[in-house]
Amino acid sequence: MSTQIQDTEPASSLDCPVVDGRRRIQHVSPRTADVGGIPVNRVLPSRHRRLIGAWCFLDHAGPSVFMGDARGLRVGPHPHIGLQTFTWMIEGEVLHRDSLGNRQVIRPGQVNLMTAGRGISHTEESVPGETRLHAAQLWIALPDADRRTDPRFDHYPTLPAWETQGIDFTLLIGEFAGRRAPTLAFSELVGLDLASREASAVELPLRQDFEYGVLSLEGEIGIEGEAFAPNELAYLGRGRDAVTLSLPAGGRAILIGGEPLGEEILIWWNFVGHGKGEIAEAQRDWEAGAERFGRIPDYDGDRLMPPPLPWKA
């Protein structure tokens, strides 16, 4: 992973510096990973940027085309605690199954939101015959007060959508431009998808108390005169009341933001916790097959197992 930092502030700073009257933007390049047989670009967390609001994980999967006998995405049973998994589907269809008994196919233009709370497990698979996949998959850290909430699953087939200046907007979570998404949130957040039909520029209103990031999903985008390649994260920080985005014809970007979490979290494997002991306990429970994480009996494969903890449990 290579990361270009355009300022000298520490990575934990929520405020990009102002130089010559202009607030700078932090560039964060992705690293590549493999998830269920699909190559992904991962921009959160990184050593230069761990959180944007409560958003603590961001993978961009695809666009991918499966050739020949390829089965597409196939992620076996695995656990989560202390977070919400958030899937925004752009192309393709994926089947979600979880230990609460939920079974849901997510299609383009829809969001799947799974609240892990004290513990849940799930699987994700491309549906039979599907040949494409394009999605953004994110995690939202639950605040300390809600980290042991009851697990649940929510599917959002319809979200606020509108068109302005040749750009199609979809509000994924939170409030924006007088609209509110129905998506369940435990902290102040926003998520917005922008897809351009033609080369367009648009000014987006922002909340000065939120920190924000923008990720290009397709095409090179411009932000305040700076260019960002696909999969390059632009961290805007706090203190802005607006930002101007330029998208090419066929371009796509996702804006995420939120009130700074203000809590130290620890991410290890598929767990988000507020301490090492909490994560070590979850890992022991999963390895032992504890009822905490339930079962997914109709999956025809093995459970995923974590690597050894990097500290003494």
Side-chain angles (χ1 to χ4, degrees), residues 9-16 23 25-28 42-46 48-60 80-88 111-117 135-147 149 152 154 156 159-160 169-194 203-217 223 228 232-243 245 253-267 272-274:
E9 294 294 296
S12 60
S13 173
L14 303 178
D15 302 302
C16 295
R23 191 172 295 279
I25 301 173
Q26 183 186 36
H27 290 240
V28 181
R42 181 166 297 163
V43 292
L44 287 179
S46 78
H48 293 286
R49 186 57 51 192
R50 296 184 62 237
L51 291 166
I52 298 178
W55 300 100
C56 64
F57 181 95
L58 172 53
D59 274 359
H60 178 209
H80 291 289
I81 65 166
L83 58 86
Q84 293 175 292
T85 64
F86 183 105
T87 302
W88 165 237
V111 163
N112 273 359
L113 183 71
M114 187 180 74
T115 302
Q137 294 195 303
L138 305 99
W139 294 355
I140 303 168
L142 291 172
D144 181 68
D146 300 300
R147 74 186 196 281
T149 191
R152 59 182 285 175
D154 295 277
Y156 298 95
L159 296 159
F169 294 83
T170 305
L171 182 58
L172 310 179
I173 191 170
E175 293 185 57
F176 185 84
R179 298 168 173 86
R180 171 173 279 278
T183 321
L184 175 68
F186 290 82
S187 57
E188 288 288 316
L189 292 172
V190 69
L192 183 69
D193 180 86
L194 303 89
E203 183 178 75
L204 305 178
L206 303 179
R207 284 179 49 169
Q208 293 193 32
D209 59 329
F210 273 26
E211 54 179 328
Y212 291 92
V214 179
L215 180 68
S216 172
L217 303 178
I223 304 177
F228 290 82
E232 185 179 19
L233 176 70
Y235 178 71
L236 306 178
R238 293 183 302 183
R240 298 174 185 266
D241 57 16
V243 67
L245 269 60
I254 186 171
L255 169 80
I256 59 173
E259 194 172 61
L261 187 61
E263 301 174 2
E264 287 295 325
I265 64 165
L266 181 63
I267 301 176
V272 170
H274 286 71

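It should be emphasised that the depicted structure is a prediction, and the values quoted were computed from it without experimental measurement.
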[X]: partners by side chain to side chain contact (heavy atoms under 4.5 Å, CB included), with sequence neighbours left out:
X      : answer
Glu203 : Ala242, Thr244
Thr115 : Gln84, Leu142, Thr149, Arg152, Leu184, Phe186
Pro182 : Tyr156, Leu159, Pro160

Quiz item: Would you call the rings of Phe57 and Trp139 parallel, tilted or perpendicular, where under 30° means parallel and over 60° means perpendicular?
Solution: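 Geometry flag for Trp139 against Phe57: parallel rings.
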Quiz item: Relative to the ring of Phe86, is the ring of Trp55 parallel (under 30°), tilted (30 to 60°) or perpendicular (over 60°)?
Solution: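 Taking Phe86 first and then Trp55, their aromatic rings stand perpendicular (interplane angle over 60°).
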Under 3.5 Å, side-chain donor or acceptor atoms of residues 207-215 against the rest of the protein: list the pairs with distances, not counting sequence neighbours.
{"residue": "Arg207", "atom": "NE", "partner": "Asp209", "partner atom": "OD1", "Å": "3.1"}
{"residue": "Arg207", "atom": "NH1", "partner": "Glu188", "partner atom": "OE1", "Å": "3.3"}
{"residue": "Arg207", "atom": "NH2", "partner": "Asp209", "partner atom": "OD2", "Å": "2.8"}
{"residue": "Glu211", "atom": "OE1", "partner": "Tyr235", "partner atom": "OH", "Å": "2.6"}
{"residue": "Glu211", "atom": "OE2", "partner": "Gly53", "partner atom": "N", "Å": "2.9"}
{"residue": "Tyr212", "atom": "OH", "partner": "Arg207", "partner atom": "N", "Å": "2.8"}

Quiz item: Quick one: side-chain hydrogen bond (donor to acceptor under 3.5 Å, both in side chains) partners of Arg179, sequence neighbours excluded?
Solution: none
Quiz item: Taking only residues two or more places apart in sequence, or in another chain, which ones meet Asp59 in a side-chain hydrogen bond (donor to acceptor under 3.5 Å, both in side chains)?
Solution: Arg42
Does a side-chain heavy-atom distance below 4.5 Å link [X] with [Y]?
X      : Y      : value
Ile265 : Arg50  : yes
Asp241 : Leu206 : no
Thr183 : Leu189 : no
Leu233 : Ile52  : yes
Glu263 : Pro143 : yes

Practice problem: Compare every heavy atom of Ala135 with every heavy atom of His60, then report the nearest pair and how far apart it is. | Solution: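 Heavy atoms only, the tightest pair is CD2-O, 3.6 Å.
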Quiz item: Can you tell me how far the SG atom of Cys56 sits from the CG atom of Leu83, to the nearest 0.5 Å?
Solution: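 If we round to the nearest 0.5 Å, Cys56:SG and Leu83:CG are 6.5 Å apart.
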Quiz item: Can you tell me how far CZ of Arg147 sits from NE2 of His274, rounded to the nearest 0.5 angstrom?
Solution: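 Output value for this atom pair is 6.5 Å.
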